[in-house]
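Within every chain, numbering begins at 1; the chains are lettered A, B, ... in the order of the sequence lines, protein sequences first and strands thereafter.
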Amino acid sequence: MNLFKYFKDIVVGELEQMAGAGELPAGLDYARVTVEPPRERGHGDLSTNAAMVLAKPAGRKPRDLAEALAARLGKLDDVTGVEVAGPGFINLRLVPGVWYARLAEILKEGTAYGDSDMGAGEAVNVEYVSANPTGPLTVGHARGAVVGDALAGLLAKVGYKVTKEYYINDAGGQVDTLARSAYLRYREALGEDIGEIPEGLYPGDYLKETGKALAARDGDKWLGKDEAEWLPEVRQFAIDSMMDLVRADLDFLGVHQDVFSSERKLVAAGGVEEVLKFLEERGLTYTGVLEPPKGKTPEDWEPRPQLLFKATQFGDDVDRALKKSDGSWTYFAGDMAYHLDKFRRGFATMINVWGADHGGYVKRMTSGVKALTEGKGDLDVKLCQLVNLKRGGELVKMSKRSGTFVTLREVIEEVGKDVVRFIMLTRKNDATLDFDLVEVMEQSRDNPVFYVQYCHARCCSVLRHAAAEMPGVSLDPVSLAGSDLNRLTDSGELDLIKLLAEWPRLLESAADAHEPHRVAFYLYDLAGAFHGLWTKGKDNAELRFLLPDDPAMTAARLALVQATAFVIASGLEIFGVTPVEEMR
RNA sequence: GGCCCCGUAGCUCAGUUGGAUAGAGCGACAGAUUCCUAAUCUGUAGGUCGCAGGUUCGAAUCCUGCCGGGGUCACCA
């Protein structure tokens, strides 16, 4: 359970009683009342801002109101101390039993501890990766892939019904370029000397396989034909081939999406016409000429009438084109159709994970979603900043042309998928991330992957030693939950339990903010608290986990060890990282 | 020029959706350390939260304007 939410309900309950008794005006809004762990541990276990938030609407002084509420809270069974502090905070100290109960709860629930019904089964769509099917995935793609995947896991953890989705951009000019590039490799596969890959086509070697496969399937039937004849077939073949590549890379990274939506299929099925009809019926389209961008007019700018969507009515800066000058749909038109499709499939809440270079596109799409869902849908776009791939502090220079390009696959082969996944979550999505191939393999405290994994491994190690050396102690979690937990009175032990008890709250706030990186920082803190406790046992033998002369105390300590392992494992599970049981 | 993101300790970054005396790791400095469950530990110093206003009981957090860095800018995807 989320202890803080539990006590917030209690505080609100007391406030309602005060209102009932005439001590407070009726009908106050308690939404801004919070119950949180105080920043300073010395201030107690729980802190509420209720008096400060309500003082004004209640027409009372914050401290007076705080005293009145504090008097009531002090009478609660679980509360052992209450004080009014600062401008009107109420700090509560809880009886230790509350904390021991949390520990027992973790042991009974295992890695399910922290699951909640916050999402109430609401359907959420998380769309991520959605890389153009024109080549293998890069480290940059991996960031979006991992952020999206972890966010999906996080939302599922707190009770949302999550669909993980990939949008295949298989309808624009880039896939025509892909088709021409593949056709060249096809000719090569059939023995032709194709020389240098011309400017504007994809030079990557990975297309050689595609060319060979096409030659193997179709023989020479496309040779010497007009482009118009072979292009559709070759294009689809190349797209399928590239998507196989992408899926294999995602699989290697441990990412498995539920739905792959094809832009081409959506457009072919009339999705865009439907969008157009919807917008036209509401008077949201017109044919007009856009102003050139101020300050920087493109060389080839010319005023041109276009079919436009009235995006400015929904928060965008300018109206946006739905049709290109050659009469074909813009990418945006297809994306509108896609988002309408998602909404109609039952997703009022949509999250898209994009690269930061798409930042200029966010308002366009959110305003589009507002229009298409008539305000009932919500789109949150998470932008992932660049990843700087480094090796021992040196930036790994990457250039597609010079062939020094490092693929995601190569990186995973070098450091492993778990490392890649964890590191991608050690920064906020909108901050750039340094990924140093040397540093991520170091076994030190400044390498969070190691530090967190080692915490889990160390817990497992302690439990293994316990099994070997103290066979009298029953190690199954339920037995441990029934041990004398109230003997855990050292400050380090209590701090660790309190940190573990914050897990459900952390999950809910991270999920609410759509910020999976918070889980990584929590795990790092948790690992620090655990390692600190372990170290205390080095200095003071009485604080060791395993005390052969005191099986009861050992059981209580092992309860803490096992609970820590559960929470670390459950955090890593959200990240799709396998918790290791030993590191040798 | 418009829009978006970033600016916090020497470095890399957190900061619980507006809370109390702004935190962590590294680095620096000062100590401890064959003890064991497996990769040392403790302490100290270090800050005008880019700058200036505003909102209020209270601002690193919200608003406005500047400064600096990055991204992006009609028909690419």
- Note on the structure: Per-residue pairing states of RNA chain B in dot-bracket (Watson-Crick or G-U under 3.5 Å; . unpaired, | other strand) read (((((((..((((.....[...)))).(((((.......))))).....(((((..]....))))))))))))....
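With distances taken from any side-chain atom of A:R464 to the nucleotides B:A38, B:A20, B:U17, the minimum falls on B:A38. Comparing atom distances between the A:A85 side chain and each of B:G58, B:A39, B:A20 picks out B:A20 as nearest. The side chain of A:K324 sits closest to B:C76 out of B:C76, B:C57, B:A39. Ranking B:C75, B:G19, B:G15 by closeness to the A:S325 side chain, first place goes to B:C75. Distance from the side chain of A:D446 is smallest to B:G25 among B:A77, B:A74, B:G25. Considering only the side chain of A:E263, B:A77 comes nearest among B:U17, B:A77, B:C4.
B:A24 has no base stacking with the ring of A:Y524 when judged by centroids under 5.5 angstrom apart and an interplanar angle below 30°.
Atoms CG (A:L383) and C1' (B:C3) sit 13 Å apart, rounded to a whole Å. As a whole-Å value, the separation of A:L499 CG from B:A24 C1' is 13 Å. Note: CG (A:D430) to C1' (B:C13) measures 13 Å, nearest angstrom. The CG-P distance, from A:L507 to B:U16, rounds to 16 Å in whole Å. Between A:L546 atom CG and B:A38 atom P there is a gap of 10 Å when expressed in whole angstrom units. As rounded to whole Å, 13 Å separates atom C1' of B:A77 from atom CD of A:E127. Put simply, OH on A:Y522 is 20 Å from C1' on B:C13, counting in whole angstrom units. Distance, A:R41 CZ to B:U16 P: 16 Å, rounded to whole Å.
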- Note on the structure: Protein-proximity profile, nucleotides 65-73 of chain B, B/S/- by nucleotide at the 4.0 Å heavy-atom cutoff, equals ------SSB
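Looking at heavy-atom distances under 4.0 Å, A:E291 makes no contact with the nucleic acid at all. Nucleic acid contact for A:F89: base, since at least one base atom lies under 4.0 Å from a heavy atom of the residue. When heavy atoms are screened at a 4.0 angstrom cut-off, A:V362 is found touching no nucleic acid atom at all. A:D512 comes within 4.0 angstrom of a nucleotide base, judged by non-hydrogen atoms across all strands. A:P62 comes within 4.0 angstrom of no nucleic acid atom, judged by non-hydrogen atoms across all strands. Contact annotation for A:T535: backbone-only contact, meaning every heavy-atom pair under 4.0 Å involves sugar-phosphate atoms and none involves a base. Within the nucleic acid shown, A:A457 comes within 4.0 Å of at least one base atom, counting heavy atoms only. Note on A:T432: only backbone sugar-phosphate atoms sit closer than 4.0 angstrom, heavy atoms only; bases stay farther off. A:N91 comes within contact range of at least one nucleobase, with a heavy-atom separation under 4.0 Å. In this structure, A:R445 reaches the sugar-phosphate backbone alone: every heavy-atom distance under 4.0 Å involves primed, P, OP1 or OP2 atoms, never a base. A:K61 comes within 4.0 angstrom of nothing in the nucleic acid, heavy atoms only. Looking at heavy-atom distances under 4.0 Å, A:E502 makes no contact with the nucleic acid at all.
Ring pair A:F530/A:F545 is parallel by interplanar angle, where below 30° counts as parallel and above 60° as perpendicular. Under the 30°/60° scheme for interplanar angles, the aromatic rings of A:H358 and A:W354 are found to be tilted.
In terms of phosphate contacts, A:R427 brings a side-chain nitrogen or oxygen within less than 4.0 Å of OP1 or OP2 of B:C13. Residue A:Y331 places no side-chain N or O under 4.0 Å from the OP1 or OP2 atom of B:C76. Between A:K538 and B:A38 there is no side-chain N or O to OP1 or OP2 distance below 4.0 Å. Between A:K428 and the phosphate of B:G15, there is a side-chain N or O to OP1/OP2 separation shorter than 4.0 Å. Taking only side-chain nitrogens and oxygens, A:R544 never comes nearer than 4.0 Å to OP1 or OP2 of B:U37.
Atom CH2 of A:W534 and atom OG of A:S461 lie 9.0 Å apart (nearest 0.5 Å). Note that CD of A:E515 is 10.5 Å distant from CZ of A:F521, once rounded to the nearest 0.5 Å.
Between A:K342 and A:E127, at least one side-chain nitrogen of the basic residue sits less than 4.0 Å from a carboxylate oxygen of the acidic one, meeting the salt-bridge criterion. Remark: A:E36 does not engage A:K8 in a salt bridge, criterion side-chain N to carboxylate O under 4.0 Å.
Aromatic pair A:Y451/A:Y524: centroids less than 6.0 angstrom apart.
B:U17 has its base syn relative to the sugar, with a glycosidic angle deviating from 0 by at most 90°.
Side chains of A:S261 and A:E165: a donor on one and an acceptor on the other come within 3.5 Å.
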